[in-house]
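See structure below.
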Amino acid sequence: TAGNFFAKACPSSPTGWQTRRPLLLFMMLAKAVVAVAVAVALAATAARATSSTTAKYRVTSSADSGPGTLRSALTFANFATSGDVVIKIETNVQLGDDPLPPYTAPVPLTLGGSCGDDDDDDDD
């Protein structure tokens, strides 16, 4: 018969599940990728929802602008979107003629609070 002849002529031709194996492997891989993506998204959401973050900035320079200044601390503090913002002023601040940037972040701001260590006589 014709069907029997084809099977004998092409014994290595794929049949049944073998023709669907690449599709099955692709579907299994796709499910795994989706599962990992969902797990990462849920973990990130849970971390944001449960953590009360505090952005902490220290004013260590008396200059009007540059690293460690009040102007720099306010500029970075404006990027906060959740938690609290603490700016600890550890030096006298001398302002120039330009006004300080306004504080526009939608989170509470504390000036002069603790930045995490209670050791006021820092040697660094």
Side-chain angles (χ1 to χ4, degrees):
T1 64
N4 203 5
F5 172 77
F6 182 78
K8 289 180 182 176
C10 302
S12 62
S13 65
T15 59
W17 68 272
Q18 293 175 334
T19 59
R20 295 185 301 263
R21 184 169 37 182
L23 179 61
L24 292 173
L25 291 175
F26 174 77
M27 290 174 61
M28 289 172 39
L29 179 63
K31 285 181 181 181
V33 168
V34 169
V36 169
V38 168
V40 168
L42 288 175
T45 302
R48 279 193 304 261
T50 59
S51 68
S52 174
T53 58
T54 301
K56 301 172 184 177
Y57 304 98
R58 285 191 166 155
V59 177
T60 56
S61 172
S62 62
D64 181 47
S65 63
T69 62
L70 180 58
R71 185 176 305 279
S72 174
L74 281 171
T75 300
F76 285 116
N78 279 327
F79 288 102
T81 58
S82 65
D84 297 323
V85 173
V86 174
I87 296 179
K88 185 174 182 183
I89 301 174
E90 299 177 348
T91 185
N92 292 328
V93 176
Q94 299 195 8
L95 300 176
D97 294 332
D98 294 330
L100 288 171
Y103 180 70
T104 59
V107 297
L109 170 66
T110 303
L111 289 175
S114 171
C115 280
D117 64 352
D118 295 329
D119 187 12
D120 286 337
D121 52 3
D122 291 336
D123 293 331
D124 43 278

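On a predicted model such as this, the values are computed, not experimentally measured, just so you know. Counting from 1, the numbers follow the sequence of the chain as shown.
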ask   = Among L70, V86, V85, L74, whose side-chain contact (heavy atoms from CB on, under 4.5 Å) with Y57 holds?
value = V85

task = Work out which heavy atom in P101 is nearest to a heavy atom in T75; give both atom names and the distance.
result = CG-OG1, 3.8 Å

query = Distance-only, no hydrogens or angles: does the D84 side chain make a donor-acceptor pair with backbone N or O of T54 under 3.5 Å?
reply = no

inquiry  = Using the side-chain contact (heavy atoms from CB on, under 4.5 Å) criterion, which residues pair with T69? Sequence neighbours excluded.
reply    = S61, A63, R71, S72

request  = Would you kindly say whether N92 and S62 are connected by a side-chain donor-acceptor distance under 3.5 Å?
outcome  = no

message = Restricting to non-hydrogen atoms, name the atom on P106 and the atom on A80 that form the minimum distance, rounded to 0.1 Å.
response = CD-O, 3.6 Å

note = Here the pair of heavy atoms bringing Y103 nearest to P108 is OH-O, 3.9 Å

key: Closest non-hydrogen atom pair between V107 and G83, with its separation   = CB-O, 3.3 Å

ask   = What are the two closest heavy atoms between D64 and L95, and how far apart are they?
value = OD1-CA, 3.5 Å

